[in-house]
Amino acid sequence: MTRVTPATPLDRTGTTPAVTATPARAKWRGDRLFKLVAATAGSTIVVAILLIATFLLIRAVPSLRANHANFFTSAEFNTTNPHNLAFGIRDLFMVTALSSTFALVLAVPVAVGIAVFLTQYAPARLSRPFGAIVDLLAAVPSIIFGLWGIFVLAPQLRPLAEFLNHNLGGGWLQWLFLFKQGNVSLAGGGTIFTAGAVLSVMILPIVTSVAREVFRQTPRRQIEAALALGATKWEVVRMTVLPFGRSGVIAASMLGLGRALGETVAVLIILRSAAHPGNWSLFDGGYTFASKIASAASEFSDPLPTGAYISAGFALFVLTFIVNAAARAIAGGKVNG
């Protein structure tokens with residue numbers, strides 16, 4: 001029996017169309033090229049960070065060798081004489097940690113509440129414009145926040161600061177060191193308390209935006225299942241939305257903390273300098289890492305004094321990395337759990 005081979009179909013011109021196919025080798029080359037471009041783009045940020053760290057370390061080492069004080073435990077920061085440098089970051093770390101942590105404590109509950117309201121309670125016609133207004137806070141310049149904080153917010157916070165200082169910083173609650181009288185006057189408002197309140201407003205749009213997007217990703221089936229079982233709206237939020245977005249809220253908080261750690265102009269305007277803060281009180285003054293460097297930027301002419309401030313910048317650089325690494329570990333543990 002003869003096998004009939006089907007004829008190749010003809011196109012409209014009566015000729016046999018050419019068979020086009022992408023060779024496997026060309027596909028393989030395309031995949032390798034795309035992988036190389038993606039790897040290059042991904043490694044760019046790593047290389048940039050390493051170069052920044054290397055630059056800071058190279059410029060800081062000569063000053064650290066010439067330092068006559070303990071860099072980690074000394075409260076002194078004297079760079080007027082290049083031949084007798086004595087600088088440490090104890091007070092800088094204290095003021096930076098207190099102001100940033102206080103800002104985070106104030107901002108995160110408010111940000112989570114706003115995010116829950118916009119994603120679970122507010123109608124669409126209200127959620128979108130309200131969310132846009134919150135996001136616009138990120139566009140306000142730092143200097144505006146600083147001026148608003150010292151001239152508008154500080155006088156309004158003074159009664160509260162005096163109440164906390166009188167009732168929680170004295171008497172039988174003297175062990176509560178956070179509210180003890182610091183080395184600057186409460187009347188001027190140039191305290192860590194005021195700076196932390198302003199920083200909380202500055203980081204609010206960052207935390208709110210990330211938390212809002214995370215809460216929106218909650219599986220709809222889980223929400224509908226909880227409602228079908230008779231759960232109230234709050235129980236749905238508590239049992240489904242918040243647990244699902246927990247790692248995202250932690251990541252958002254760390255983004256806000258990184259913003260607070262590095263804020264310069266607003267903190268420089270608000271905080272009043274103190275000889276030796278060292279009390280771990282919210283009603284103290286002083287400098288953060290960033291504001292201390294900015295306050296002396298015009299004097300960066302001699303390599304050794306400049307290196308002292310670069311050393312402080314390198315300490316802030318490392319601190320930010322430690323905070324983000326810890327947050328990533330916490331968020332990863334929550335997800336895996």
Side-chain angles (χ1 to χ4, degrees), residues 38-61 64 70-73 88-112 115 138 142 192 195-196 199-200 202-215 217 242-264 267 280 287-294 307 309-337:
T40 303
S43 60
T44 300
I45 186 63
V46 178
V47 173
I49 291 174
L50 290 176
L51 290 176
I52 293 173
T54 303
F55 163 77
L56 293 175
L57 191 59
I58 291 174
R59 297 295 298 271
V61 166
L64 290 173
N70 190 297
F71 179 69
F72 296 102
T73 61
I89 61 171
R90 189 193 71 183
D91 285 354
L92 300 181
F93 174 78
M94 183 206 70
V95 178
T96 302
L98 271 181
S99 59
S100 301
T101 305
F102 183 57
L104 203 64
V105 170
L106 293 179
V108 171
V110 177
V112 171
S142 298
I192 297 173
L199 286 175
S200 69
M202 297 181 70
I203 68 176
L204 187 65
I206 300 175
V207 183
T208 302
S209 178
V210 177
R212 186 173 70 239
E213 295 304 318
V214 171
F215 291 157
Q217 303 304 318
L242 292 180
F244 180 83
R246 182 167 45 189
S247 61
V249 170
I250 294 174
S253 302
M254 293 306 105
L255 284 175
L257 180 59
R259 173 78 169 86
L261 288 172
E263 177 53 39
T264 306
V267 176
W280 287 92
Y287 290 100
T288 63
F289 284 106
S291 66
K292 183 67 174 179
I293 296 170
Y309 291 95
I310 291 178
S311 301
F314 183 73
L316 177 61
F317 187 81
V318 174
L319 176 63
T320 305
F321 261 83
I322 293 174
V323 168
N324 282 276
R328 187 173 183 84
I330 294 172
K334 295 293 184 182
V335 172
N336 294 333

Donor-acceptor contacts under 3.5 Å from residues 103-112 side chains, at least two apart:
none

>> Quick one, F215 with L242, criterion side chain to side chain contact (heavy atoms under 4.5 Å, CB included). Give me CA distance, side-chain angles, the key distance, then yes/no.
In response: CA-CA 7 Å; F215 291 157; L242 292 180; 3.9 Å; yes

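Looking only at side-chain heavy atoms (C-beta outward), F55 and L51 stay at 4.5 Å or farther from each other.
The minimum heavy-atom distance linking A315 with I89 is given by the pair CB-CD1, 3.9 Å. Between V249 and A211, the shortest heavy-atom distance links the atoms CG2-CB, 4.4 Å. In plain terms, the two heavy atoms of F93 and W280 that are nearest each other are CE2-CH2, 4.1 Å. Taking both residues in full, the closest heavy atoms of A312 and L92 are given as CB-CD1, 4.2 Å, listed atom of the first, atom of the second, then distance. Counting all heavy atoms, side chain and backbone alike, G262 lies closest to A290 at O-CB, 3.8 Å. Contact between A115 and R212 at its shortest, heavy atoms only, is CB-N, 3.7 Å.
Note that CZ of F321 is 11.5 Å distant from CG of L316, once rounded to the nearest 0.5 Å. Rounding to the nearest 0.5 Å places CZ of F317 at 13.0 Å from CD1 of I310. Between L261 atom CG and T288 atom OG1 the span is 9.0 Å, to the nearest 0.5 Å. Between T73 atom OG1 and D91 atom CG the span is 11.0 Å, to the nearest 0.5 Å. Between the CZ atom of F244 and the CD atom of Q217 there is a distance of 6.5 Å, given to the nearest 0.5 Å. The CE atom of M94 lies 9.0 Å from the OG1 atom of T96; values are rounded to the nearest 0.5 Å.
Judged purely by atom type and a 3.5 angstrom limit, S99 uses its side chain to pair as donor or acceptor with the backbone of V95.
Sorted by first and then second residue, the side chain to side chain donor-acceptor pair (under 3.5 Å) pairs involving residues 42-59 (not counting sequence neighbours) form an empty list.
By the side chain to side chain contact (heavy atoms under 4.5 Å, CB included) test, A294 is found to be paired with T264, L268, residues two or more places apart in sequence or in another chain being considered.
Counting non-hydrogen atoms of neighbouring residues, nucleotides and ligands closer than 6.0 angstrom, the CZ atom of F71 exceeds 12 such neighbours.
When L56, L64, L57, V61 are each tested for a side-chain contact (heavy atoms from CB on, under 4.5 Å) with S311, only one passes: L64.
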